[in-house]
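Comments concern the structure below.
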Protein chains: 2
Amino acid sequence: MAHTPPIPEGSEVFEAAGHDHDHCVDHALQAAETICTREGARLTPLRRQVLELVWRSHEPIGAYDVLARLQREGASDAEDGRPAAPPTVYRALDFLLKYGLVHRIESLNAYVGCAHPQEDHNGQFLICRTCGTAAEIEDDAISAAIRDNAKRIGFAVDRVTVEVSGLCPRCRSDAHA
Amino acid sequence: MAHTPPIPEGSEVFEAAGHDHDHCVDHALQAAETICTREGARLTPLRRQVLELVWRSHEPIGAYDVLARLQREGASDAEDGRPAAPPTVYRALDFLLKYGLVHRIESLNAYVGCAHPQEDHNGQFLICRTCGTAAEIEDDAISAAIRDNAKRIGFAVDRVTVEVSGLCPRCRSDAHA
DNA sequence: CTCGTTATGTTATTTTATAACATTTCAATC
DNA sequence: GATTGAAATGTTATAAAATAACATAACGAG
Ligand SMILES: [Zn+2]
Ligand SMILES: [Zn+2]
Ligand SMILES: [Zn+2]
Ligand SMILES: [Zn+2]
């Protein structure tokens, strides 16, 4: 499952500044299609659109921000005037969470596209307090340490939330200047 | 309240069932006095009362639950009729958070008394989805793993949130029965 | 096509948190 | 002990996040 690749100096998990994010989005949507097909889940136009909106935001995005963008774009098919309502977005997000296509960042009340949606995991995040970027990591050492502790105590782990906030490498350099 | 037989292994972090919680509360309030004195911070009657209410709840408690209890008990000094308002509680909680006397559980939007308030830390929690108990652990292996990862990536850690939800040893046994 | 299921629409409300400004309390200085 | 500036609390209003409850539409198996 987990590759904990040697990270030379810092910046693969934090996306490169000028990278082609459209490509990331397309890739994520493609992966989502694959997963939903495999799972027999229906990635409807609405759900797909919400997933795309979440991915387009390079930072974690709140449900109401998703809603606002959804309203601006209009529902994908029906362009019938009435703006979408909160439950529309929350239901789509719930679906995406269920199939591991997005993660919820508890400390921000916000959502972010999952970086490796194939694998079953809860997501561990490094969140920059300055630029807002959330890098998803998957560190076996962290997972193992948590698993070991729980085992020692006799606690049956269901869901793990790891959210580290601080300064990303880039913002750190900027701060020095 | 309920007396439940001894739990064989691994249950120090989860409080024993029939323990004297009043003692925990008193101890916590005492420690808070000490810390605030040392820090030159004012543990006012209101703040003290909020801390006590948080501690009295054996589970993490929401701000509005604290508020409700505060209203029921009346403000500690002034018994002037008007019920307390949300900012009163949020400000007290902010103070208590600032001095490390309580922790906020992000995944529950709730607050819990800190088990080792002397030390500077962010708190790591095992939260039972059945009984609601949140056990605060302080696992160096977890902290170290997170610190190492961040260092490798060049991320400057500010605040760490670790919240593990699942089944505590007791509820696990109960489920087996 | 028919029918049960799943998805979405719609309206209202609940829960959580903060903004903005007024008043009180406190302790230091005069 | 009065003066005063800072910190704490009171008060009112609103923002932000999430869900409840019920109605309609779309979908897919038989
Ligand atoms: Zn992920
Ligand atoms: Zn940054
Ligand atoms: Zn603590
Ligand atoms: Zn339990």
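The structure presented is a predicted model; accordingly, all values stated were derived computationally and were not measured. Every chain is numbered from 1, with letters handed out A, B, ... down the list of sequences.
Recorded end-axis angle for the helix from dC1(C)-dG30(D) to dC30(C)-dG1(D) stands at 20°, based on five pairs per end and rounded to 10 degrees.
Taking the side chain as every heavy atom from C-beta outward, Leu108(B) and Pro60(B) approach each other to under 4.5 Å. At least one side-chain heavy atom of Phe155(B) sits under 4.5 Å from a side-chain heavy atom of Val164(A).
Pairs passing the salt bridge (Lys or Arg N to Asp or Glu O under 4.0 Å) check and including a residue from residues 83-98 of chain A, sequence neighbours excluded, do not occur.
Within the structure, a side-chain polar atom (N or O) of Tyr90(B) is placed less than 4.0 Å from OP1 or OP2 of dA17(C). At the phosphate of dT9(D), neither OP1 nor OP2 sits under 4.0 Å from any side-chain N or O atom of Thr88(B). A sub-4.0 Å separation between OP1 or OP2 of dT6(C) and a side-chain N or O of Arg47(A) is absent.
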task = Might you work through the salt bridge (charged side-chain N to carboxylate O under 4.0 Å, His left out) test for Arg56(A) and Glu52(A), ending with a clear yes or no?
result = CA-CA 6 Å; Arg56(A) 287 218 170 279; Glu52(A) 181 174 346; 3.2 Å; yes
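A straight line from CG of Leu96(A) to P of dA7(C) spans 12 Å, rounded to a whole angstrom. Protein atom CZ of Arg48(A) is 19 Å distant from nucleotide atom C1' of dT8(C), rounded to whole Å. Rounded to whole Å, the distance from CD1 on Ile105(A) to P on dA18(D) is 13 Å. Note: CD (Glu106(A)) to C1' (dA17(C)) measures 16 Å, nearest angstrom. Rounded to a whole Å, the CG atom of Leu93(B) is 14 Å from the C1' atom of dT18(C). Atom pair Leu67(B):CG and dT12(D):C1' shows a separation of 15 Å (rounding to whole Å applied). Between the CG atom of Leu70(A) and the P atom of dT8(C) there is a distance of 11 Å, rounded to whole Å. dG9(C) atom P lies 10 Å from atom CD of Gln49(A), rounded to whole Å.
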Between protein and nucleotides 20-25 of chain C, what N or O pairs are separated by less than 3.5 Å?
none

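With hydrogens and angles left out, the side-chain atoms of Glu106(B) and Thr161(B) include no donor and acceptor closer than 3.5 Å.
A perpendicular orientation is assigned to the rings of His21(A) and His19(A), their planes being inclined by more than 60° (bins at 30° and 60°).
Nearest-nucleotide positions on DNA chain D for Asp94(A) and Pro83(B) put Pro83(B) closer to the 5' end. Position along DNA chain D of the nearest nucleotide to Asn109(A) versus Thr44(B) favours Thr44(B) as the more 5'-ward residue.
Formation of a donor-acceptor pair under 3.5 Å by the Gln124(A) side chain with backbone atoms of Asp139(A) is found in this model. Under a 3.5 Å cut-off, the side chain of Ser173(B) and the backbone N or O of Pro169(B) do form a donor-acceptor pair.
The environment of CD in Glu119(B) is crowded: more than 12 heavy-atom neighbours from other residues, nucleotides or ligands sit within 6.0 Å.
Taking all atoms of both residues into account, the shortest heavy-atom contact from His116(B) to His121(B) is O-CE1, 3.2 Å.
With dA18(D), dT11(C), dT9(D) as the candidates, the nucleotide lying closest to the side chain of Arg82(A) is dT11(C).
Put simply, the side chain of Tyr64(B) and the base of dA17(C) share a donor and an acceptor less than 3.5 Å apart.
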